[in-house]
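To start, the structure itself, in structure tokens.
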Amino acid sequence: MPPSEPGKWYWVGDGHLSGGQLQVVYQEYERFGSGAWDWRFNRNVVANFALSNLRTPVSVRELPSASGVAWGSGLLPASRSGDGYTYVYGVDDSPINKQMRIARVYGSDLANGTWQYHTPWGWTLREQNSRNLLTGIANEYSVSPWGGQFLLLSQDSTEAFSGQINAWTSCSPYGPFTQKTPVYRMPEPGPYGSYWNPNVISYNAHVHQALSSGDTFIASYNVNSMDTRVSPDADHYRDPGIYRPRFFRFVLG
């Protein structure tokens, strides 16, 4: 996904098939200074790709962004939601205690469909009226059908760079999500993790629905290091295996 201009870049969100094309939500970020953390969220876009060419988008359309919510943390396609809507999950970002937001579009076309936003009193057409629904989710997470319910899986953000992954359930794709249950602890992050390295972090756990079946789920998460030096003794040069995804299986009864 090429950047729109110098000093800006896209972070890929979730995607699905729509009208015979791959449709992917991206969050665009921009740099405002020279420091390592001098960057911020700018806007959301959705890109359509022909399945025969995933290198160049057919189109890029701007999505609602006025509320500052990063949409595309996860998608629940209309083919799996049970009510004809595609649900778009987002995050009201912060260092810890990140908050969940939910939008939806009838059908599968996020670029041309009418977006609705969940509030405690129902659905609204104004993004600015959407409200936070759950505290403690991560920047990426997943919502999956399960046994007549919906399973939310996310890293815990109630503490910084937590290794804990939790699950919640709901009777609808838009919550309320309750029965918070620990399902896995990522062993890698932090000074007492498997790398014994305070720079190592793990993040963005989610279920892979296509690899899951019944009560058995396949999930993944990312591992990285905040040691960004270009040096032979820097983490990524000394051990390139740090920066790769990990997969795990869990069973719910």
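These numbers come from a predicted model, not from an experiment. In this chain, residues are counted from 1 in sequence order.
Criterion: ILVMFWY side-chain heavy atoms under 4.5 Å apart, direct or through other members. Under it, W37 and W9 are part of a common hydrophobic cluster. In this structure, F150 is not a member of the same hydrophobic cluster as V207, with clusters built from ILVMFWY side-chain heavy atoms closer than 4.5 Å. V91 and L75 fall into different hydrophobic clusters, defined by Ile, Leu, Val, Met, Phe, Trp and Tyr side-chain heavy atoms under 4.5 Å apart, directly or through other members. In the hydrophobic clustering of this structure, Y184 does not group with V143; members are Ile, Leu, Val, Met, Phe, Trp, Tyr whose side-chain heavy atoms approach within less than 4.5 Å, directly or through other members. Cluster annotation: L153 and F161 are assigned to distinct hydrophobic clusters (Ile/Leu/Val/Met/Phe/Trp/Tyr, side-chain heavy-atom contacts under 4.5 Å, transitive).
A donor atom on one side chain and an acceptor atom on the other are found under 3.5 Å apart for N112 and R61. A donor atom on one side chain and an acceptor atom on the other are not found under 3.5 Å apart for E62 and N44. A donor-acceptor contact under 3.5 angstrom links the side chains of Q99 and T135, judged on distance only. Side-chain contact check for Q116 and Y174: no donor-acceptor pair (N or O, by modelled atom type) lies under 3.5 Å. Remark: the S220 side chain and the H208 side chain contain an N/O donor-acceptor pair separated by less than 3.5 Å. When only modelled atom types and interatomic distance are considered, H236 and N224 share a side-chain donor-acceptor pair under 3.5 Å.
F217 approaches S212 most closely through the heavy-atom pair CA-OG, 3.4 Å. In this structure, V24 and L22 approach most closely via the heavy-atom pair CG2-CG, 3.7 Å. Shown here for G136 and T158, the closest heavy-atom pair between the two residues is CA-CG2, 4.0 Å. Nearest heavy atoms, Q23 versus L110: OE1-N, 2.9 Å. Across every non-hydrogen atom of Y221 and P187, the tightest pair is OH-CD, 3.5 Å. Nearest approach of L76 to P145, heavy atoms of both residues: CD1-CD, 3.9 Å.
No donor-acceptor distance shorter than 3.5 angstrom exists from the side chain of R229 to the backbone of S231, with no hydrogens or angles considered. Judged by distance alone, the side chain of S130 and the main-chain N or O of Q128 form no donor-acceptor pair under 3.5 Å. A donor-acceptor contact shorter than 3.5 Å is absent between the side chain of S170 and the backbone of P173. The backbone N or O of A138 lies less than 3.5 Å from no partner atom in the side chain of S157, so there is not a single donor-acceptor pair.
Within the model, atoms OG1 of T86 and CG of D14 stand 11.0 Å from one another, a figure rounded to the nearest 0.5 Å. F49 CZ to L54 CG: the interatomic distance, rounded to the nearest 0.5 Å, is 7.0 Å. Considering CG of D239 and CG of D227, their distance stands at 11.5 Å, rounded to 0.5 Å. The line from CZ of R80 to OG of S144 is 6.0 Å long, rounded to the nearest 0.5 Å. In this structure, OG in S202 is found 10.5 Å from CD in Q164, a value given to the nearest 0.5 Å. Note that CZ of F250 and CG of L252 are 5.0 Å apart. Values are rounded to the nearest 0.5 Å.
For Y243, the OH atom is loosely surrounded, since the number of other residues' heavy atoms within 6.0 Å does not exceed 12. For R40, the CZ atom is densely surrounded, since the number of other residues' heavy atoms within 6.0 Å is greater than 12.
None of W11, Y10, W39 except one satisfies the ring-ring contact (aromatic ring centres under 6.0 Å, His included) rule with Y29; the exception is W39. Screening E30, E28, E127 against R43 for a salt bridge (charged side-chain N to carboxylate O under 4.0 Å, His left out) leaves a single residue, E28.
Relative ring orientation between W71 and Y117 is described as tilted, the plane-to-plane angle lying within the 30° to 60° band. By the 30° and 60° cut-offs, the orientation of the rings of W123 relative to H118 is perpendicular.
For N139, the side-chain hydrogen bond (donor to acceptor under 3.5 Å, both in side chains) partners are D93, K98, not counting sequence neighbours.
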Test log, rule side chain to side chain contact (heavy atoms under 4.5 Å, CB included), inputs T216 and R249: CA-CA 7 Å; T216 301; R249 177 185 290 109; 3.6 Å; yes
After noting the C-alpha distance and the side-chain angles of E188 and R246, does the key distance pass the side chain to side chain contact (heavy atoms under 4.5 Å, CB included) rule? CA-CA 10 Å; E188 296 87 1; R246 270 66 165 181; 3.6 Å; yes
Between D235 and S225, is a side-chain hydrogen bond (donor to acceptor under 3.5 Å, both in side chains) present by the stated rule, with each step listed? CA-CA 7 Å; D235 286 350; S225 172; 2.6 Å; yes
Could you walk me through whether V223 and V200 pass side chain to side chain contact (heavy atoms under 4.5 Å, CB included), step by step? CA-CA 7 Å; V223 177; V200 171; 3.8 Å; yes
Can L152 and L134 be said to form a side chain to side chain contact (heavy atoms under 4.5 Å, CB included), step by step? CA-CA 11 Å; L152 164 63; L134 180 68; 3.4 Å; yes
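Residues in residues 74-113 take part in these ring pair (Phe, Tyr, Trp, His ring centres under 6.0 Å) pairs, two or more places apart or across chains: Y85-Y106.
Using a 4.5 Å heavy-atom cutoff, the side chains of W115 and P64 are in contact. Side-chain contact between P57 and V60: present, with at least one pair of heavy atoms (C-beta onward) separated by less than 4.5 Å. A heavy-atom distance below 4.5 Å is not found between the side chains of I165 and D156. Put simply, the side chain of Q27 does not reach to within 4.5 Å of the side chain of V45, judged on heavy atoms. At least one side-chain heavy atom of M226 sits less than 4.5 Å from a side-chain heavy atom of I201. Residues R101 and S67 form a side-chain contact, since some pair of their non-hydrogen atoms from C-beta on lies under 4.5 Å apart. Counting heavy atoms from C-beta outward, Q21 and S18 have side chains that stay 4.5 Å or more apart. With contacts defined as side-chain heavy-atom distances shorter than 4.5 Å, the pair Y26/V46 does not qualify.
Outside the 6.0 Å centre-distance limit, the rings of H206 and Y141 are not counted as a close aromatic pair.
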